[in-house]
Amino acid sequence: MVHVRSVLQNVCSALLLLAVGTEALKFDIQAGSGHDNLSRRCIRNFVAKDMLVVVTAIVDGYKGDGMQLNMHIMDAAGNEYGKPKDIAGEQRTVFTSHADAAFDVCFENILTGNKYVQNPNRHVELDIDIGADAKDWAAVQASEKLKPVETELRRIEEMVGEIVSEMDYLRHREQKLRDTNESTNNRVKWFGFLTTFLLVGLWAWQIMYLRAYFRSKHLI
């Protein structure tokens, strides 16, 4: 029984690694005025409405080292989720999304001019967890007194539910795009018919006008 449970736990762990086997994004950002491209970096991700999101940024350096690293989290709908300034060490921001939209995690590294900076760069490790990945499963396991394999299965269940919801959302979007495409094709078709009728009418009017003109001049 213990062997079966161990095998099942390993299988669950393997499935989780295949499903969410992502690493933190690591990059360096150069210090500058904050308005140029080199001193500003944005990472974009998409999130569904009412989803839990945890943004964790680990930044080297320290406050007062001549650089000020600011972070700004905002989605395409205009919702702002956090704007911490002068971050160093670990910075964690937790929020629930307000809309089905892409959100940006932007960093800007600004030279403060307080002291000379020999290497004007900050190293950032960014980790973005959404939905089931953002939950503290250790706390869930402790509060509900679940076994490790039960916790893994609960996590997989929520991940599968999120995938199904995302597929339903994509199917709905595809249906809306298809309806829009059919409506556009229908309008283009009628516009083509109208243009053809106008051209035929203009051609007939030109023929009648030229015929009347030549008759008035006794040319025909």
Any side-chain heavy atom of Thr56 sitting closer than 4.5 Å to one from Val54? yes
Under a 4.5 Å side-chain heavy-atom rule over Ile, Leu, Val, Met, Phe, Trp and Tyr, are Val160 and Tyr169 clustered together? no
Inter- and intrachain pairs under ring-ring contact (aromatic ring centres under 6.0 Å, His included), touching residues 69-91, at least two apart: Tyr81-Phe95, Tyr81-His98
Would you say that Met67 contacts Ile110 through its side chain, given a criterion of any heavy-atom pair below 4.5 Å between the two side chains? no
Could you tell me whether a side-chain N or O of Ser97 sits under 3.5 Å from a main-chain N or O of Met51, the two making a donor and an acceptor? yes
Can you tell me which residue among Val124, Leu126, Val55 is in a side chain to side chain contact (heavy atoms under 4.5 Å, CB included) with Ile43? Leu126
With sequence neighbours excluded, tell me which residues meet side-chain hydrogen bond (donor to acceptor under 3.5 Å, both in side chains) with Ser165. none
Transitively linked via ILVMFWY side-chain contacts under 4.5 Å: Ile156 with Val164? yes
Taking only residues at least two apart or on different chains, which pairs with a member in residues 47-65 satisfy salt bridge (charged side-chain N to carboxylate O under 4.0 Å, His left out)? Asp65-Arg122
Kindly give the heavy-atom pair with the smallest separation between Tyr213 and Ser216, and that separation in Å. O-OG, 2.6 Å
Salt bridge (Lys or Arg N to Asp or Glu O under 4.0 Å) against Asp75, all qualifying residues, sequence neighbours excluded: none
So Ile128 and Val105, do their side chains get closer than 4.5 Å, heavy atoms only? yes
Counting only N and O atoms by type, is there a donor-acceptor contact under 3.5 Å from the side chain of Glu152 to the main-chain atoms of Val149? no
Between Asp104 and Ile73, is any pair of side-chain heavy atoms under 4.5 Å apart? no
So, do Val94 and Arg92 sit near enough that their side-chain heavy atoms are less than 4.5 Å apart? yes
Compare every heavy atom of Glu162 with every heavy atom of Ala132, then report the nearest pair and how far apart it is. N-OE2, 2.6 Å
Is there side-chain contact between Leu69 and Ile29, with heavy atoms separated by less than 4.5 Å? yes
Partner residues of Asp28 under the salt bridge (Lys or Arg N to Asp or Glu O under 4.0 Å) criterion, sequence neighbours left out: none
Single-linkage hydrophobic cluster, 4.5 Å side-chain cutoff, Phe46 and Leu170 together: yes
List for me each residue that meets salt bridge (Lys or Arg N to Asp or Glu O under 4.0 Å) alongside Arg173, sequence neighbours excluded, and say none if there are none. none
Would you kindly confirm whether Ile163 and Leu52 end up in one hydrophobic cluster when ILVMFWY residues are joined by side chain heavy atoms under 4.5 Å apart? no
Identify, with sequence neighbours excluded, every residue that meets salt bridge (Lys or Arg N to Asp or Glu O under 4.0 Å) alongside Glu158. Lys135
Taking Ala57's backbone N and O only, do any of them form a donor-acceptor pair with Glu125's side chain (distance below 3.5 Å, no angle check)? no
All pairs passing salt bridge (charged side-chain N to carboxylate O under 4.0 Å, His left out) where residues 175-203 contributes a residue, at least two apart: Glu174-Arg178
Which atom pair, heavy atoms only, marks the closest approach of Ala99 to Ala77? CB-CB, 4.3 Å
Clusters formed by hydrophobic residues whose side-chain heavy atoms approach within less than 4.5 Å: which one holds Ile207, and what are its other members? Trp203
Under 4.5 Å side-chain heavy-atom separation, chaining through any Ile, Leu, Val, Met, Phe, Trp or Tyr, what else clusters with Trp190? Say none if it is isolated. Phe193, Phe197
With Gln68, which residues qualify under side-chain hydrogen bond (donor to acceptor under 3.5 Å, both in side chains), at least two apart? Asn70
Only one of Arg41, Arg40, Lys85, Lys83 passes salt bridge (charged side-chain N to carboxylate O under 4.0 Å, His left out) with Glu108, and that residue is Arg40
If hydrophobic clusters are built from ILVMFWY residues whose side chains come within less than 4.5 Å, do Ile58 and Phe107 share one? no
Contacts satisfying disulfide bond (SG atoms under 2.5 Å apart) that involve residues 152-189 (not counting sequence neighbours) are none
Kindly indicate whether the side chain of Ile130, heavy atoms from C-beta on, has any atom under 4.5 Å from the side chain of Asn45. yes
Would you say that Arg211 contacts Arg215 through its side chain, given a criterion of any heavy-atom pair below 4.5 Å between the two side chains? yes
Rounded to the nearest 0.5 Å, what's the gap from CE on Met71 to CD1 on Ile87? Could you check? 5.0 Å
